[in-house]
Amino acid sequence: MSAILTIWGAYARWTQRWPALAAFVPFVPLIALWWFIAWLQIFPPVFLPGPVEVVQTGWELTWKGILPDYLADSLARLTVGAAAGMAIAIPLGVFVGLNRKAHEFSWPILLFFQAIGDIAWLPILLVWFGFGLTTMTFVIVYTVLFPVVLNTVLGIRSVKPELRRAAQSLGASPTRILFEVTLPGALPNIITGLRNGLGYGWRALIAAEIIVGTSGIGFLMFDARRAGSVEEIVVGMIVLGVLWYIVDSWFLAPIERATGQRWGLVTS
Amino acid sequence: MAEEAVTFSPVPYRRTWQAVKFVTPLLLLVVVWQVVVSAFDVNPRVFPDVATVLRAGWETIADGSLAAHVGASMLRVSVGTVIAILTAVPLGIAMGVSKGVSDFLTPLFRFFSVLAGIAWIPIATLWFGYGFGAITFVIFNAVFFVVAYNTLLGVSTIPMPLRHAAASLGAGRWQMLTHVLLPGALPNIVTGIRTGMGFAWRGLIAAEMIATNVGLGYMLFLARDFYRTEVIVFAMIVIGLIWLTLDRLLLAPLERATVERWGLVQRT
Amino acid sequence: MKSLALENLVKTYFDPYRGLQFTAIRDVSLTVEEGDFVAVVGPSGCGKSTILNMIAGFVPITSGRILVDGREVREPGPDRGVVFQSHALFPWKTVADNVTFGPKMRGVAKAERAKIADEYLALAGLSHAAERYPAELSGGMQQRVGVVRALANEPDVLLMDEPFASVDAQTRMTLQEELTRIWEERRPTVVFITHDVSEAVFLANRVVVLSKGKVLEEVDIPLDRPRSWDRLVEDETFKALSNQVLQLVRSA
């Protein structure tokens, strides 16, 4: 017992000094457990490969250049789609959020199209555009669009009326109020929307790559599925998880915290 | 304060009025759809008119195929979600009781919750074969990790004074669980269920396109094979309506009831 | 700083959820001379905040007129500075940027704005907090920033809506003394809304008691200045005036 406490204490001290450690160390026992179960061969290796085989396969795929190429493809699609989605979504959200009539009219429509869900669009997009980049880009734009629009609208409408009043009685014009008060006030929500949108967006990308199937991590995984190579599937999953974990916890979450917490807008 | 009653009393009609305001824009959209399709003489392969879609819809209702597809999809969603909630909530609470344990496990659950859903389709089909098992597994894990992570988050954010208060009022372990931990984490749990089901619903459609021969996703994909655009559009509308109903009439009110009533979280 | 006049103000609301017509303000007339300090007190729901919101231009008036320096006003404008109960500081701007928001809107150059920030932050004793964000300040400091933000825009009239209601009792007394000191130094025209009778008597030259949307009585406060709590807390005139106003509010 005391040995466990000593280890625990050392871990607590180290993570205090390097908080980044806390994001990695918990994976060590998990991987050890995985290795142990695979080593026991409770499940046949065709179903559950060990970590060593997976790392080998991953290294092979990297070395052959397949993994970097596919990863670059997936990331490029996601970036283009997300950028286009935001470019449409934020102005639209601002307009709908500021205009009561537009809000009443478009809210049910926005909710309905969000409810259809990106992936359900794939078949009709395939009819329209065939198997190709247009279809995938459309799906990602569509996926990113709605969470960002809906959250922008929420953010704009949740800006406290006193802040607008304060700006008015300090002599700010409507344009100045938009840029100095309304948009900054909605920013935490916009970022939350972006975070959700990207979360849905890359899932949609995986599905699109599986179904449309030309290149990308999703294609890699499904191709491996057809060939029965479980190691490659696991490599794909790990790459996806690590990638998204990095983007989300080192990039999106800090921005969300920096705006929300320092400004005291987010209480939880 | 002087109050004078006036004859106009809109209270009893408020709910109806809200429903009318919600449905009107959607009906307008249908009108626009019909007008655009007939005005520009759109090829029915690209986008059919309202009547064609209704006819196709009626056919699928009459021959019972719609009921079969919807039934299969709903069964998978219900089974996967119920199992996930029943396992994730106790696990999340158990892990959240100690701050050290929850800090340690948080990165693991974040990793798996960002991976949840679609990314598991290839390996799920390998493990369970094509069909009910694989799809239900995808739904289960989309909901499971998100709910477990949110429960963990919920329990660890319950203010310590609340636990101390319960303890000094004589609450035992079991009472602490049922009267403090579970209700305290409930808003987060409900949010987790809502987010997780969002991922699950998309995962369901994607998985059904790939790995089965019955279900809404399959219905969509089958129609694509025969270029039956009217069936695709009808299925998309059905998917949108089902999710809108689930989300707005079941999940959102549940979330509002817990989150807003108790004033635990100020952000929506 | 200029004078303020309210002529026969009326405000009625329609509450669509209850289907009822309210009369919040019925026929209020009031004149505040240039450089005067008027406090408006009354029980909650007497319409005192409605009056302030109408003067500020936040809610439309049903009938009557509001004149600032002889000009009729209907919209919000920089001639009427407002201090809010919930401080209403911009959370994404530093203290200094909050204080110079008004001058920035008027197009004052950056160097000049820095001088304004220095001057007004010194006035409130907040020079050390210039680069902090509002969420990082205590409630008392937030209200101080709210007051100097309104002052830094040099309004004709300063409108204060229960600005000290949500801070603790100790801080409130300090803030009241600071506001008195600032007023005695600069003599702005102030309308101060509060439900705290001793606060009204301590700060104002004249206390207006409001009841059921009407002016019940106006009480002059001929206490000497400079005022401080140390001196006034045992002062017989202060006690008598507070008591008189309190009786009026309670009868209201």
Side-chain angles (χ1 to χ4, degrees), chain A residues 90 93-94 97-98 100-101 103-104 151-152 154-195 252-268, chain C residues 49 52-53 55-59 68 73-94 97-108 131-137 139 142 145-161 163:
Chain A
I90 295 175
V94 170
L98 287 177
R100 238 194 63 156
K101 283 259 152 55
H103 179 260
E104 276 184 3
N151 275 285
T152 307
L154 272 181
I156 298 254
R157 291 169 67 88
S158 68
V159 175
K160 287 197 198 132
E162 291 105 75
L163 293 183
R164 270 194 216 127
R165 289 177 166 185
Q168 278 179 326
S169 62
L170 288 166
S173 65
T175 328
R176 291 308 280 267
I177 292 178
L178 175 65
F179 284 102
E180 305 267 357
V181 181
T182 310
L183 279 180
L187 192 61
N189 277 82
I190 296 178
I191 291 165
T192 305
L194 180 63
R195 207 173 154 194
L252 293 173
I255 299 179
E256 202 175 2
R257 265 202 302 278
T259 52
Q261 280 180 359
R262 188 138 202 229
W263 298 349
L265 292 176
V266 182
T267 47
S268 59
Chain C
S49 284
L52 184 128
N53 282 335
I55 304 173
F58 298 148
V59 296
V68 174
V73 292
R74 288 187 168 273
E75 303 278 302
D79 53 340
R80 284 146 292 145
V82 183
V83 181
F84 298 81
Q85 181 180 348
S86 59
H87 73 71
L89 299 174
F90 304 116
W92 43 86
K93 289 182 184 289
T94 61
D97 287 341
N98 262 289
V99 170
T100 55
F101 185 85
K104 188 180 172 191
M105 293 303 111
R106 276 187 277 127
V108 174
E131 293 312 312
R132 287 209 243 157
Y133 285 89
E136 298 164 350
L137 305 179
Q142 289 169 339
V145 180
V147 173
V148 291
R149 178 177 70 175
L151 278 177
N153 205 30
E154 296 175 347
D156 293 343
V157 181
L158 188 60
L159 307 170
M160 306 181 81
D161 187 6

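Chain letters run A, B, ... following the sequence lines, proteins first and then strands; every chain starts at 1. As the structure is a computational prediction, the values presented were derived from the model and not from experiment. Values below: every heavy atom of this structure, side chains too, minus hydrogens, waters and symmetry copies.
- The closest side-chain heavy-atom distance from C:Arg80 to C:Val73 is below 4.5 Å.
- When each of C:Ala152, C:Ala56, C:Pro76 is checked for heavy-atom pairs under 4.5 Å with chain A, C:Pro76 comes out on top.
- With a 4.5 Å cut-off on side-chain heavy atoms, C:Phe58 and A:Pro161 do not count as touching.
- With a 4.5 angstrom heavy-atom cutoff, C:Phe84 touches chain A only via side-chain atoms.
- C:Val145 has its side chain out of reach of C:His87: every pair of non-hydrogen atoms, C-beta onward, lies at least 4.5 Å apart.
- A:Arg176 forms no cation-pi arrangement with C:Phe101, by the criterion of a distance under 6.0 Å to the ring centre and an angle within 45° of the ring axis.
- Between A:Leu178 and A:Leu98, the closest side-chain pair of non-hydrogen atoms falls below 4.5 Å.
- Interface residue C:Leu89: only backbone heavy atoms are found under 4.5 Å from chain A.
- Neither the backbone nor the side chain of C:Arg106 comes within less than 4.5 Å of any heavy atom of chain A.
- For C:Asn53, the part lying near chain A is the side chain, with the backbone staying farther off; criterion is any non-hydrogen pair under 4.5 Å.
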